[in-house]
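Inspection log for the structure reproduced underneath, given as structure tokens.
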Amino acid sequence: VQVGRTGVLTPLAHFVPTLVAGSTVSKATLHNIEQIERLDVRVGDTVVIQKAGDVIPEVVEVLKNLRTGTEKKFAMPKKCPICAAAVTTKDSVTKEKTVAYYCTNDDCPAKNTRSIIHFVHMLDIYEVGPKIVEKLQEEGLISDAADLFYLTEADLAGLERLGEKSAKNIVDAIADKKHPPLDRFITALGIQHVGEETARDIATHFGSFEKFWAAGAEAFDAIPNIGPAVTESIMVYKAKPSSQVFIDKLFAGGVKPQTAKKVEKGVFSGQTFVLTGTLPTLSRDEAKKIIQNNGGKVSSSVSKATSYVLAGENPGSKYDEAEKLGVKIIDEVEFLKMVE
């Protein structure tokens, strides 16, 4: 069981390393206990796996005819596997019962580590991977993501297997991300229920971090696609003294998010794209930014509401789903012509 940045306990399946869609995988998320019960997956089972959205490995079927009788049923732990704090099924913001299990300890080390990894990922600091984060924590060099912006080459020079050049690359990479896009910065804060699309809506609505931070609940309620649970989660986060301390520490370390421009109208206004496969010249992030900067939205799943599926080499299940639903499929050449 893995503990995420919001304290959610996620069961993982570990299996014999297997080649799936071009890469070898040895574990997959089982999402929650409902999914485990629906699949009736047990310890010792033989399973069928695939990559959801062409990226994330998942278990889709149990081959029950291959059972030997030694398989064991799985139960979620009653204590956090990392810090041994009590586990609850109530949402920490709404207090409503959920299918998810949560660690109740705000200071759980796993939450802290995952939140730093999430922050680094959202700011695209590629040189600071999960292992580097864990190493920096072990050495007492960082206690939160804000500490990254105070690191010097001298701090890193003594780390095992890290030479002067690597130390300089890490410090330079962190410094290079001191002025992130506002939506990425808001997402990086790890506020519960605030994902990338919601953060983008917030950023374009307020324009600056200062306006976002000063806004009351009624201002968030006025933003389309933001419901009461998201508003409450944001207000709970902003009300915590630790949140203000974290923000002040980031800003004192030289971090200053960019202001966000509102895209009033663009060639993709009112249109939703889904990306699949590897594009010839554009990365997924580059294609995503082009769509968003031209007024469009990017979704992770295909539905009847999808306007286009932008497909590259080795497309996966999203391509098949688009064909089934009659959604128009375009390639990079056609996509770039639309932008022009």
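In terms of modelled atom types and a separation under 3.5 Å, the side chain of Asp155 and the main chain of Thr152 share a donor-acceptor contact. Here the side chain of Thr98 pairs a donor or acceptor atom with the backbone of Thr89 at under 3.5 angstrom. The closest donor-acceptor contact from the side chain of Ser233 to the backbone of Ala229 lies at 3.5 Å or more, if one exists at all. Between the side chain of Ser243 and the backbone N or O of Tyr237, at least one donor-acceptor pair lies under 3.5 Å. Asp45 places no side-chain N or O within donor-acceptor distance of the main-chain N or O of Val47, the cut-off being under 3.5 Å. At least one donor-acceptor pair closer than 3.5 Å links the side chain of Arg184 to the backbone N or O of Met122. A donor-acceptor pair is defined here as one N or O able to donate and one able to accept, closer than 3.5 Å; no such pair exists between the side chain of Glu321 and the backbone of Tyr319. At least one donor-acceptor pair under 3.5 Å links the side chain of Glu332 to the backbone N or O of Leu282. Between the side chain of Asn112 and the main chain of Ser143, a donor-acceptor pair closer than 3.5 Å is present. His205 places no side-chain N or O within donor-acceptor distance of the main-chain N or O of Phe212, the cut-off being under 3.5 Å.
The shortest distance between side-chain heavy atoms of Pro57 and Ile49 does not fall below 4.5 Å. Taking 4.5 Å as the limit, some side-chain heavy atom of Met338 sits within range of a side-chain heavy atom of Tyr308. Using a 4.5 Å heavy-atom cutoff, the side chains of Ile142 and Leu148 are in contact. Residues Val1 and Phe74 meet the side-chain proximity criterion, which asks for heavy atoms closer than 4.5 Å. Residues Val302 and Thr276 form no side-chain contact, since every pair of their non-hydrogen atoms from C-beta on lies 4.5 Å or further apart. Between Pro11 and Ile33, every side-chain heavy-atom pair lies at or beyond the 4.5 Å cut-off. Side-chain contact check for Asn314 versus Thr278: every heavy-atom pair is 4.5 Å or farther apart. Considering only heavy atoms from C-beta on, Ile291 comes within 4.5 Å of Phe335 through its side chain.
Put simply, Val327 and Ile329 are part of the same group of oily side chains (I, L, V, M, F, W, Y) that touch within less than 4.5 Å, one to the next. Criterion: ILVMFWY side-chain heavy atoms under 4.5 Å apart, direct or through other members. Under it, Leu141 and Val120 are part of a common hydrophobic cluster. A continuous path of hydrophobic side-chain contacts links Leu123 to Phe246 [ILVMFWY only; heavy atoms under 4.5 Å]. Transitive grouping of hydrophobic side chains (ILVMFWY, heavy atoms separated by less than 4.5 Å) brings Trp213 and Ile223 into a common cluster. Linking ILVMFWY side-chain heavy atoms closer than 4.5 Å, directly or via other members, places Leu63 and Val20 in two distinct hydrophobic clusters.
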Handout entry: Evaluation steps, side chain to side chain contact (heavy atoms under 4.5 Å, CB included), between Asp183 and Ile186
Key = CA-CA 5 Å; Asp183 61 318; Ile186 292 171; 5.8 Å; no
Practice task
Given salt bridge (Lys or Arg N to Asp or Glu O under 4.0 Å), test Lys240 with Asp106 step by step and report yes or no.
Solution key: CA-CA 12 Å; Lys240 288 180 182 175; Asp106 286 340; 5.0 Å; no
Exercise for the section: Please report the C-alpha distance between Ile234 and Ile202 in whole Å, then the side-chain angles of each, then the deciding distance to 0.1 Å, and finally whether the side chain to side chain contact (heavy atoms under 4.5 Å, CB included) criterion is met. Expected result: CA-CA 11 Å; Ile234 293 168; Ile202 291 168; 3.7 Å; yes
Practice task
Just do the side chain to side chain contact (heavy atoms under 4.5 Å, CB included) check on Val3 and Cys80 with the steps written out, would you?
Solution key: CA-CA 8 Å; Val3 182; Cys80 173; 3.9 Å; yes
Exercise for the section: Go through the steps to decide whether Asp40 and Val62 satisfy the test side chain to side chain contact (heavy atoms under 4.5 Å, CB included), and finish with yes or no. Expected result: CA-CA 7 Å; Asp40 187 25; Val62 175; 5.7 Å; no
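A side-chain donor from one of Gln292 and Glu197 sits under 3.5 Å from a side-chain acceptor of the other. Side-chain contact, Thr113 with Gln137: a donor N or O sits under 3.5 Å from an acceptor N or O. For the 3.5 Å distance criterion, the side chains of Ser317 and Asp320 fail to qualify, holding no donor opposite an acceptor. Lys297 and Thr272 share no side-chain donor-acceptor pair at under 3.5 Å.
The side-chain contact (heavy atoms from CB on, under 4.5 Å) search around Ser166 returns Leu162, not counting sequence neighbours.
Counting all heavy atoms, side chain and backbone alike, Thr70 lies closest to Thr68 at OG1-OG1, 2.8 Å. Looking at every heavy atom in both residues, Lys51 comes nearest to Val25 through CE-CG1, 4.3 Å. Nearest heavy atom pair, residue Ala86 against residue Thr104, reads O-OG1, 2.8 Å. The two residues Cys103 and Cys108 make their nearest non-hydrogen contact at SG-CB, 3.9 Å. In this structure, Lys73 and Arg42 approach most closely via the heavy-atom pair CE-NH2, 3.4 Å.
For the pairing with Gln35, the side-chain hydrogen bond (donor to acceptor under 3.5 Å, both in side chains) check across His31, Arg38, Glu37 returns one residue only, Arg38. Among Val274, Thr306, Leu275, the single residue meeting the side-chain contact (heavy atoms from CB on, under 4.5 Å) criterion with Lys318 is Val274.
The number of heavy atoms from other shown groups lying within 6.0 Å of NZ (Lys256) does not exceed 12. A 6.0 Å sphere centred on CD of Glu323 holds more than 12 heavy atoms belonging to other residues, nucleotides or ligands. Surrounding NZ of Lys79 are at most 12 heavy atoms belonging to other residues, nucleotides or ligands under 6.0 Å away.
The distance from atom CD1 of Ile170 to atom OH of Tyr126, rounded to the nearest 0.5 Å, is 16.0 Å.
The ring pair (Phe, Tyr, Trp, His ring centres under 6.0 Å) analysis of residues 178-201, with sequence neighbours excluded, yields the pairs Phe185-Phe209.
Taking the six-membered ring for Trp and the full ring otherwise, Phe149 and Phe251 have centroids separated by 6.0 Å or more.
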